[in-house]
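The structure appears below as structure tokens.
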Amino acid sequence: MSNFPDTNQFRPVHPVVLRWSRHPSCVGLARLELRKALGRWGLSALEDSATLVLSELLTNAARHARVSPGREIETHYVAGPDGLRIEVHDASEDPPAPREPDPDSTDGRGLVLVAALAETWGVSARQGPGKMVWAMLSLPDSAPDHDR
């Protein structure tokens, strides 16, 4: 279990805060910036899960956050004592709505993936209009596996 503090008190020493347009190409650029930050922080073990969680949250914001033109989406990457917090801020008041994906559908699985990969995730108010969708990922247990 992680030692993440309460979500409202989780503040990093050096967060990475970036702004993005709603253009789909920004998702790949955001993943690249997250990979760089994880490498600097020694959290590369989280790269696969973290980039997938970021992709899903940022894609949701770009697709579903109906806001006025010129509004940007903001991401925060926050290193914690045993992991990472990813935040995606947008100006829409509408929270993401998890749903049961249709087996024949090509979408609708994003929040299911986020829930499976993150230790916890949620939606919080933020300063200004809109919301913040966040997810926390913990480092894998580094203790040796003696059961093998």
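Just so it is clear, the model here is predicted, and its values are computed rather than measured. All residue numbers in this chain count up from 1 along the given sequence.
- To the nearest 0.5 angstrom, H89 atom NE2 is 10.0 Å from Q127 atom CD.
- Here the shortest heavy-atom pairing between A135 and V114 reads CB-CG1, 4.3 Å.
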Without placing hydrogens or testing angles, list every side-chain donor-acceptor pair under 3.5 Å for residues 32-46, not counting sequence neighbours.
unit_1: E33; atom_1: OE2; unit_2: K36; atom_2: NZ; d: 3.1
unit_1: R35; atom_1: NE; unit_2: E47; atom_2: OE2; d: 3.1

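- The CD atom of E74 sits 11.0 Å away from atom CE of M132, with the distance rounded to the nearest 0.5 Å.
- Minimum heavy-atom separation, A50 to L84: CB-CD2, 3.6 Å.
- Residues L57 and L29 fall within the same hydrophobic cluster, defined by Ile, Leu, Val, Met, Phe, Trp and Tyr side chains chained together at heavy-atom separations under 4.5 Å.
- By the rule that hydrophobic residues join a cluster once side-chain heavy atoms approach within less than 4.5 Å of another member, V88 and V17 end up as members of separate clusters.
- For the pair A30 and Y77, the tightest heavy-atom approach, listed with the atom from each and the gap, is O-OH, 3.0 Å.
- One finds the CD atom of E72 at 12.0 Å from the CZ atom of R22 (value rounded to the nearest 0.5 Å).
- In this structure, the side chains of E87 and P15 stay at 4.5 Å or more apart for every pair of heavy atoms.
- In this structure, the separation between CG on L117 and CD on E56 is 9.0 Å, given to the nearest 0.5 Å.
- R19 has its side chain out of reach of I73: every pair of non-hydrogen atoms, C-beta onward, lies at least 4.5 Å apart.
- Among the candidates V78, V53, T120, the single residue satisfying the side-chain contact (heavy atoms from CB on, under 4.5 Å) test with W134 is T120.
- Using a 4.5 Å heavy-atom cutoff, the side chains of V133 and N60 are not in contact.
- Between L54 and T75, the closest side-chain pair of non-hydrogen atoms falls below 4.5 Å.
- Partners of S49 by side chain to side chain donor-acceptor pair (under 3.5 Å), not counting sequence neighbours: none found.
- Remark: the H23 side chain and the S25 side chain contain an N/O donor-acceptor pair separated by less than 3.5 Å.
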Practice prompt. Under the side-chain contact (heavy atoms from CB on, under 4.5 Å) rule, what do K131 and S92 come out as? Steps first, then yes or no, please.
Written response: CA-CA 7 Å; K131 67 183 172 300; S92 171; 3.7 Å; yes
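- Closest non-hydrogen pair, D48 versus T51, comes out as O-OG1, 3.2 Å.
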